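Okay, structure first, notes after.
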Amino acid sequence: LMNLLVDPFDIYGVDIFPPVMANRYQIKVDLFRRYNPPARALILGSSRVGMIDPDQVTAITGLRCFSWGLPIARAENFYSIIRIATEEERAPIELVIVGAEPEIFHPKAEPHEMIKSVPDYWTYTGGVSSFRDILRKVTRLFSVEQTLASIRVLGSVLRGEKGGDWIEWGDDGFPIRIDRERRPALIEEDAETRIERGVLTYPDERFGISTFTGLSELRKQYWEVFLAICEMRGIDVYVFMPPPHPDLLDRLYELGAGPIFEETVEY
């Protein structure tokens, strides 16, 4: 009940307390709608791709740029975004830069939990409600990470602190300040230890190696329609594969992910 009411990761839409991590999907669509004058270039991809500074793109191309990096982005997100940007907001998009990791085509992985409460995206893809999604949300209520984050939020409120998201976002969707003291992971290790732990956990928890048997045909369809919309509107598209940490890449190849990377590159 505490985790539901506090909602520290902004998953359930309760909005009683300030979350330690606000809904990134909601933040980005809200920022884009307020971005004025509107963007002429977009950066799309995962949260890692979202670390590309839009000002660098503007300096190179002369186009006002918006960063739309999302946690655990999938191909269907790009399709929704281009429709929001060009049809709903009528932004004069001329350039799209896309970070295309193999994970965006995963055949089994569910959409990120955050998107479940943001219909701006999933109205274009047929919705996300299912018994499995509800079960995942309920299961998260009993996680140690969420419980510790809830306690942190309540402690901040009792101390009269401002609280809120650990990232402050610029108007262009780029993070301009990161408060590492309030990061939700509550990690105490040094950077090297975090990398070692990430190399061990990422293949299963994020890459989904055990069920990654090939690229999803449905997500390939979303990707191809996304490209078709860009082509129809005369939008230049630049696609690159963001490089994983070399130790992580070695680990993924050891676990048999080589053919998946090769298939993604070829596709």
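Scope of the values below: all heavy atoms of this structure, side chains included, with no hydrogens, waters or symmetry mates. Note that this is a predicted model, so its numbers are computed, not measured.
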query: Quick one: do Ile16 and Val6 end up in the same hydrophobic cluster if we chain Ile, Leu, Val, Met, Phe, Trp and Tyr together by side-chain heavy atoms under 4.5 Å apart?
result: yes

field: Closest approach of Met241 to Val265 (non-hydrogen atoms, all atoms of both residues)
entry: CE-CG2, 3.6 Å

Close side-chain approach of Cys65 and Arg40, heavy atoms under 4.5 Å: no

field: Approximate separation, where rounding is to 0.5 Å, of Arg251 CZ and Leu200 CG
entry: 7.0 Å

- prompt: Is there a path from Ile60 to Ile43 through hydrophobic residues (I, L, V, M, F, W, Y) whose side chains come within less than 4.5 Å of each other?
  reply: no

task: Mark yes or no for whether Lys28, through its side chain, and Gly69, through its backbone, hold a donor-acceptor pair below 3.5 Å.
output: yes

- prompt: Does the side chain of Pro107 reach to within under 4.5 Å of the side chain of Thr213, using non-hydrogen atoms?
  reply: yes

message: Check for me, please, whether Leu158 and Leu5 land in the same ILVMFWY cluster - side-chain distances under 4.5 Å, paths through other members count.
response: no

message: Is any side-chain heavy atom of Tyr25 closer than 4.5 Å to one of Asp120?
response: no

Cation-aromatic face contact Lys220/Tyr267, 6.0 Å, 45 degrees: yes

Taking every non-hydrogen atom, the tightest pair across Leu249 and Pro244: CD1-CG, 4.1 Å

task: With the side chain counted from C-beta on, respond yes when Glu168 and Pro175 share a heavy-atom pair under 4.5 Å apart, and no when they do not.
output: no

message: For Asp171, is the CG atom crowded, meaning more than 12 foreign heavy atoms sit under 6.0 Å from it?
response: no

Glu89 bridged to Arg33 by N-O distance under 4.0 Å: yes

statement: Val153 and Phe17 have their tightest heavy-atom pair at CG1-CB, 3.8 Å

- prompt: In terms of ring plane angle, is the pair Phe105 and Trp223 parallel, tilted or perpendicular, where the classes change at 30° and 60°?
  reply: perpendicular

task: Decide yes or no on side-chain contact (heavy atoms from CB on, under 4.5 Å) for Ile151 and Met2, but give the supporting numbers first.
output: CA-CA 9 Å; Ile151 293 171; Met2 176 184 69; 4.2 Å; yes

message: Grouping I, L, V, M, F, W and Y whenever their side-chain heavy atoms are under 4.5 Å apart, do Val98 and Leu42 come out in a common cluster?
response: yes

task: Please confirm whether the backbone N or O of Gln146 pairs with a side-chain atom of Arg140, one donor and one acceptor, at under 3.5 Å?
output: no

query: Using 30° and 60° as the class limits, which term best fits the ring planes of Phe261 and Phe207: parallel, tilted or perpendicular?
result: parallel

field: Where Ala257 and Ile209 come nearest, the two heavy atoms and their spacing
entry: CB-CD1, 3.8 Å

- request: Hey, could you give me the CD/OG1 distance between Glu196 and Thr201, rounded to the nearest 0.5 Å?
  value: 12.0 Å

message: Using a 3.5 Å distance criterion without hydrogens, assess whether the side chain of Ser67 forms a donor-acceptor pair with backbone atoms of Phe174.
response: no

field: Under 3.5 Å: donor-acceptor pair, side chain of His245, backbone of Ile195
entry: no

task: Test Leu63 against Val57 for side-chain contact (heavy atoms from CB on, under 4.5 Å), laying out the working first.
output: CA-CA 7 Å; Leu63 301 176; Val57 176; 5.8 Å; no

- prompt: More than 12 foreign heavy atoms under 6.0 Å from OH of Tyr238: is that the case here?
  reply: no

message: Using only atom types and a distance under 3.5 Å, with no angle test, would you say the side chain of Arg177 pairs donor to acceptor with the backbone of Gly170?
response: no

field: Check against side-chain contact (heavy atoms from CB on, under 4.5 Å), Val96 and Ile93
entry: CA-CA 8 Å; Val96 175; Ile93 304 299; 3.9 Å; yes

task: Please name all residues satisfying ring pair (Phe, Tyr, Trp, His ring centres under 6.0 Å) with Tyr35, sequence neighbours left out, ordered by chain then number.
output: Phe66

- request: For the residue pair Pro203 and Leu248, establish whether any side-chain heavy-atom pair is separated by less than 4.5 Å.
  value: yes

statement: Note: Ile260 and Pro102 closest approach over all heavy atoms is CG2-CB, 3.9 Å

query: Does the Trp122 side chain pair with the main chain of Ile115, one donor and one acceptor, at a distance under 3.5 Å?
result: yes

query: Is the CD atom of Glu266 crowded by more than 12 outside heavy atoms at less than 6.0 Å?
result: no

message: Do Arg206 and Ile72 make a side-chain contact, defined as non-hydrogen atoms from C-beta onward lying under 4.5 Å apart?
response: yes

query: Between Ser46 and Glu101, do the side chains contain an N or O donor and an N or O acceptor separated by less than 3.5 Å?
result: yes

- prompt: Does the side chain of Asp30 reach to within under 4.5 Å of the side chain of Arg34, using non-hydrogen atoms?
  reply: yes

- prompt: Considering all heavy atoms of both residues, which atom of Pro38 and which atom of Pro92 are nearest to each other, and what is their separation?
  reply: CG-CD, 3.8 Å

Considering only distance and modelled atom types, tabulate donor-acceptor pairs under 3.5 Å from the side chains of residues 76-86, sequence neighbours left out.
{"residue": "Glu76", "atom": "OE1", "partner": "Arg219", "partner atom": "NE", "Å": "2.9"}
{"residue": "Glu76", "atom": "OE2", "partner": "Arg219", "partner atom": "NE", "Å": "3.4"}
{"residue": "Glu76", "atom": "OE2", "partner": "Arg219", "partner atom": "NH2", "Å": "3.0"}
{"residue": "Asn77", "atom": "OD1", "partner": "Arg74", "partner atom": "N", "Å": "2.8"}
{"residue": "Tyr79", "atom": "OH", "partner": "Arg83", "partner atom": "NH1", "Å": "2.8"}
{"residue": "Ser80", "atom": "OG", "partner": "Glu76", "partner atom": "O", "Å": "3.2"}
{"residue": "Ser80", "atom": "OG", "partner": "Tyr121", "partner atom": "O", "Å": "3.0"}
{"residue": "Arg83", "atom": "NE", "partner": "Glu87", "partner atom": "OE1", "Å": "3.3"}
{"residue": "Arg83", "atom": "NE", "partner": "Glu87", "partner atom": "OE2", "Å": "3.1"}
{"residue": "Arg83", "atom": "NH2", "partner": "Glu87", "partner atom": "OE1", "Å": "3.1"}
{"residue": "Thr86", "atom": "OG1", "partner": "Ile82", "partner atom": "O", "Å": "2.6"}
{"residue": "Thr86", "atom": "OG1", "partner": "Arg233", "partner atom": "NE", "Å": "3.4"}

field: Pairwise side-chain contact, Phe226 with Leu44, heavy-atom cut-off 4.5 Å (strictly under)
entry: yes

message: Just verifying a value: how many Å separate Glu262 CD and Thr264 OG1, rounded to the nearest 0.5 Å?
response: 9.5 Å

message: For Pro243, is there any backbone N or O sitting under 3.5 Å from a side-chain donor or acceptor partner on Arg48?
response: yes

statement: One should read off an interatomic distance between Asp7 CG and Ser150 OG, to the nearest 0.5 angstrom, of 8.0 Å

query: Is it the case that more than 12 heavy atoms not belonging to Glu231 sit under 6.0 Å from its CD atom?
result: no

- request: Identify whether Ile235 and Trp68 are in the same connected component of the hydrophobic contact network (ILVMFWY, side-chain heavy atoms under 4.5 Å).
  value: yes

query: Can you tell me how far CG of Leu31 sits from CD1 of Ile27, rounded to the nearest 0.5 angstrom?
result: 7.0 Å

message: Phe240 vs Ile97, test: side-chain contact (heavy atoms from CB on, under 4.5 Å). Steps then yes/no.
response: CA-CA 8 Å; Phe240 73 102; Ile97 301 170; 4.0 Å; yes

